[in-house]
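Okay, so here's the structure we're looking at.
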Amino acid sequence: MLPLSYLREHTEKIKEGLAKRNFPHPELVDKLLETDQKRRSLQSQLDETLSKSNQLAKEIGILFKSGQDEKASVLKSKTAELKSTGKVLQEQLQNLEVALLSIRTQIPNIPDESVPSGNSENDNEEVFSAGSIPNLKENALPHWELAAQYDLIDFDLGSKITGAGFPVYKGKGAKLQRALIQYFLDKNTAAGYTEFQVPHLVNEDSGFGTGQLPDKEGQMYHIPEDGLYLIPTAEVPLTNLLRNQLLEAKDLPICMTGYTPCFRREAGSYGANVRGLNRLHQFDKVEIVRFEEPQNSRAALDQMVDHVKSILEELELPYRILKLCGGDLGFTAALTFDFEVYSTAQKRWLEISSISTFKSFQSERLQLRYKDRNGKKQAVHTLNGSSLALPRVIAGLLENHQTPDGIKLPKVLVPYTGFEIIN
RNA sequence: AGAGAGGUGGCCGAGUGGUCGAAGGCGCACGCCUGGAAAGUGUGUAUUCCGUUAUCGCGGAAUCGAGGGUUCGAAUCCCUUCCUCUCUGCCA
């Protein structure tokens, strides 16, 4: 959510930013300003009315105390009108506030200046690539066939007990999952992130705080009976840990990491894109989240990118980093770097991590602020990224490290798995 | 799940209809005192919104878990809801 004061003062900048992401409803900005203007004038009227009633109430109180009941009764009759206008104004104000919030939540974040313009993923800018794409034989297998061949993952069993998109991991497949989670958490905590274990269900306020609600309601599994949502990412519970807080400058930065399963309905997905581990309803992910002072948030983003790079290098996977263009940027993000691992058998790139800065966009929703060194209250900048999402890491490992003898694991994982090869 | 008790400022805690945004204490900040510190002592110490202002500030409104109601007036009374604690039940 964009701060209203910023919106008032930098309207043109905001419109330019929205144009960069091809936001289809630029007229919402003017509508928002107009509604805000109305709200403020209504607020002044209401405050004035309440001020008068408060004054009268005080006088009545004093009169009653001094026994001048008759005078008090006269004043009492005067309050009726104030009261009814106050009520009307209050109702109008409430309606306007609802309208204002509804418009505000429809306007996405403004892209960072460095974000390239573009309409789709084809316009993303490759900023880095590493690792050589292995020259596999013609008969290189996609990960779902390898998973079946080595009995690592059973998609049919998952369908049987739950449904499509809920795989069952077995034997070395299950062990590999556990090893990766442990390895990622160790890497993250070694880099200064504090580990958290958080609930996998969150309430509506949390969904709103990080921006999943109200717009992406259909993407989350919902338990109406209890008013709870299954988390689509650990970003939601982790970031919301600091909802409604006023921090001190000395508290920052705050760096968190956490492993959780992630649940996504992925309505509307189909075809080869959802084959095997490519897209699931439940998957495991280790997330990193940071809270930063605004002047440090850009450097923090680069640190996060470097951190994930070091993981992919240890995993010996061919990858590239893309800077997302305006048209491909998520609703809440100001700047995003996507990591993609090359799927040798599928001959395409798979998104494996997404690292974003939200600047103050989430904090505005979360009501998360801090007092800077001058004692001035400011919005905290939030950032997050996957470090890392398991299914596509596994897809990448299986496909890129397949040999005639089996899947050779990178050295860094062996202490965690207890085996070097899957055969 | 049933019965009872309770949720007040950074923390503890008083306050059951009238200048209460809230006594008192602790903590914290600044000053005095001191060679320095402790002790002592003085002052200050919530957030949000609106208006005004170059700035400090000033004026108004709201907030005592949350939302509604009664009343001229609510931290205080009533209703709903969330959370915490105690007992009973159930259970990994």
Side-chain angles (χ1 to χ4, degrees), chain A residues 1-9 32-105 197-209 213 223-229 237 240-252 254 261 360 362-380:
Chain A
M1 217 154 58
L2 299 167
L4 287 171
S5 56
Y6 184 82
L7 202 84
R8 282 179 219 135
E9 285 156 31
L32 184 62
L33 285 172
E34 195 185 305
T35 313
D36 176 51
Q37 183 57 48
K38 275 191 206 155
R39 191 201 109 247
R40 283 187 292 156
S41 86
L42 207 59
Q43 168 104 52
S44 295
Q45 285 178 57
L46 176 63
D47 284 357
E48 206 178 307
T49 311
L50 289 177
S51 175
K52 281 182 194 159
S53 335
N54 286 345
Q55 188 54 41
L56 276 177
K58 260 181 204 173
E59 286 171 24
I60 291 169
I62 292 165
L63 288 174
F64 270 128
K65 256 190 175 167
S66 59
Q68 307 182 58
D69 289 18
E70 271 184 36
K71 275 191 183 171
S73 305
V74 174
L75 280 188
K76 246 189 184 181
S77 61
K78 276 194 186 171
T79 60
E81 197 187 326
L82 280 176
K83 218 180 166 186
S84 68
T85 51
K87 211 162 198 180
V88 171
L89 288 173
Q90 200 143 33
E91 225 163 81
Q92 288 175 351
L93 187 66
Q94 267 168 14
N95 290 339
L96 269 182
E97 270 165 2
V98 170
L100 197 65
L101 189 67
S102 141
I103 301 171
R104 276 181 93 187
T105 54
Q197 286 198 14
V198 289
H200 301 165
L201 284 83
V202 292
N203 57 30
E204 201 178 318
D205 287 346
S206 297
F208 178 82
L213 293 176
I223 301 161
E225 202 177 355
D226 300 294
L228 298 174
Y229 295 83
N240 274 283
L241 292 177
L242 295 185
R243 174 151 46 84
N244 285 329
Q245 292 241 0
L246 180 59
L247 304 172
E248 303 287 335
K250 66 175 163 55
D251 298 331
L252 298 171
I254 296 171
S360 63
Q362 284 185 327
S363 312
E364 282 288 322
R365 287 174 166 246
L366 293 161
Q367 299 199 56
L368 168 60
R369 295 168 309 272
Y370 82 106
K371 277 188 191 165
D372 68 18
R373 276 157 229 282
N374 302 318
K376 214 179 147 195
K377 284 177 275 287
Q378 290 201 45
V380 172

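Note on naming: letters A, B, ... go to the chains in the order of the sequence lines (proteins, then strands), and numbering restarts at 1 for each one.
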**OP:** Could you tell me whether A/Leu246 contacts a base, only the sugar-phosphate backbone, or nothing, with contacts defined as non-hydrogen atoms closer than 4.0 Å?
**Re:** sugar-phosphate

Original post:
How far does the C1' atom of B/rG89 sit from the matching atom of B/rG10, given to the nearest Å?
Top reply: 39 Å

**OP:** Identify the nucleotide, in any strand shown, that forms a Watson-Crick or G-U wobble pair with B/rU76, with both distances under 3.5 Å; if there is none, say none.
**Re:** none

Subject >> Rounded distance [0.5 Å steps], CD in A/Gln92 versus CG in A/Leu42 >> reply: 5.5 Å

Original post:
Taking only side-chain nitrogens and oxygens of A/Lys377, does any of them come within less than 4.0 Å of OP1 or OP2 of B/rU47?
Top reply: yes

Subject >> A/Gln367 or A/Lys76, whichever maps to the more 5' nucleotide of RNA chain B >> reply: A/Gln367

Original post:
Considering only heavy atoms, which members of residues 81-105 of chain A lie under 4.0 Å from some atom of RNA chain B?
Top reply: A/Lys83, A/Gln94

Subject >> Passing option when A/Leu366 is tested against A/Asn240, A/Leu241, A/Asp205 for side chain to side chain contact (heavy atoms under 4.5 Å, CB included) >> reply: A/Asn240

Original post:
Using the P atom in both, what is the distance from B/rU76 to B/rU63, to the nearest Å?
Top reply: 10 Å

Subject >> A/Thr79 side-chain N/O to A/Leu75 backbone N/O, donor-acceptor pair under 3.5 Å >> reply: no

**OP:** Can you see which heavy atom on A/Met1 is nearest to which on A/Leu101, and at what distance?
**Re:** SD-CD1, 3.9 Å

Original post:
Which sits closer to the 5' end of RNA chain B, A/Gly61 or A/Leu4, going by the nucleotide each is nearest to?
Top reply: A/Gly61

Original post:
Which nucleotide, in any strand shown, forms a Watson-Crick or G-U wobble pair with B/rC56, with both distances under 3.5 Å?
Top reply: none

Original post:
Do you know the tightest heavy-atom contact between A/Arg104 and A/Pro3?
Top reply: NH2-CA, 3.8 Å

Original post:
Closer than 4.0 Å, any side-chain N/O of A/Arg369 to the OP1 or OP2 of B/rU47?
Top reply: no

Subject >> Mate of B/rG40 where both pairing distances stay under 3.5 Å, Watson-Crick or G-U >> reply: B/rC32

Original post:
Considering all heavy atoms of both residues, which atom of A/Ala379 and which atom of A/Tyr370 are nearest to each other, and what is their separation?
Top reply: O-CE2, 3.9 Å

Subject >> Integer-rounded Å distance: B/rC28 C1' and A/Lys250 NZ >> reply: 10 Å

Original post:
Taking only N and O in the side chain of A/Asn54, is any of them less than 4.0 Å away from OP1 or OP2 of B/rA62?
Top reply: yes

Original post:
In the strands shown, is B/rU71 matched to any nucleotide by a Watson-Crick or G-U wobble pair with both distances under 3.5 Å, and which?
Top reply: none

**OP:** Check whether the side chains of A/Asp47 and A/Ser44 place a donor and an acceptor atom closer than 3.5 Å, and report yes or no.
**Re:** no

**OP:** In whole angstrom, give the distance that lies between atom CG of A/Leu42 and atom C1' of B/rA61.
**Re:** 13 Å

Original post:
Would you say a side-chain N or O of A/Lys371 is under 4.0 Å from OP1 or OP2 of B/rC28?
Top reply: no

Original post:
Now, which nucleotide makes the Watson-Crick or G-U wobble pair with B/rC90, with each of the two distances under 3.5 Å?
Top reply: none

**OP:** Among B/rG60, B/rC50, B/rA62, find the nucleotide with the atom closest to the side chain of A/Leu50.
**Re:** B/rA62

Original post:
Could you state the CD-P distance from A/Gln43 to B/rC49, rounded to the nearest angstrom?
Top reply: 10 Å

Original post:
What are the two closest heavy atoms between A/His200 and A/Pro261, and how far apart are they?
Top reply: CE1-CD, 3.3 Å

Original post:
B/rG65 P sits how many Å from A/Asn244 CG, rounded?
Top reply: 15 Å

Original post:
Across all strands shown, which nucleotide pairs with B/rU81 by Watson-Crick or G-U wobble geometry, both distances under 3.5 Å?
Top reply: B/rG65

Subject >> Whole-Å gap separating P (B/rC20) and CD1 (A/Ile62) >> reply: 11 Å

Original post:
Which whole number of Å gives the distance between the C1' atom of B/rG21 and that of B/rC79?
Top reply: 26 Å

**OP:** Determine the Euclidean distance between corresponding C1' atoms of B/rC87 and B/rA14; express it in Å to zero decimal places.
**Re:** 29 Å

Original post:
Who is the Watson-Crick or G-U wobble partner of B/rG10, with both distances under 3.5 Å?
Top reply: B/rC26

Subject >> Expected output: side-chain A/Ser363 to main-chain A/Val380 donor-acceptor under 3.5 Å >> reply: yes

**OP:** For B/rG31 and B/rA38, measure between their P atoms and round to the nearest Å.
**Re:** 13 Å

Original post:
When you compare B/rG15 with B/rC72, how far apart are their C1' atoms, in angstrom units rounded to a whole number?
Top reply: 23 Å

Subject >> Nearest-Å distance once atom C1' is located in both B/rA62 and B/rG67 >> reply: 15 Å

Original post:
Rounded to whole angstroms, how far apart are CD on A/Gln245 and P on B/rA46?
Top reply: 18 Å

**OP:** Would you indicate, yes or no, if B/rC49 has its OP1 or OP2 atom less than 4.0 angstrom from a side-chain nitrogen or oxygen of A/Arg40?
**Re:** no

Subject >> Proximity to the side chain of A/Ala57 - top-ranked nucleotide from B/rA61, B/rC50, B/rG73 >> reply: B/rG73

Subject >> B/rG17 - base-pair partner by Watson-Crick or wobble geometry, distances under 3.5 Å >> reply: none

**OP:** For B/rG68 and B/rA54, measure between their C1' atoms and round to the nearest Å.
**Re:** 44 Å

Original post:
Does the side chain of A/Leu228 come within less than 4.5 Å of A/Val202's, by heavy atoms?
Top reply: no

Original post:
What integer distance in Å separates A/Asn203:CG from B/rG65:P?
Top reply: 20 Å

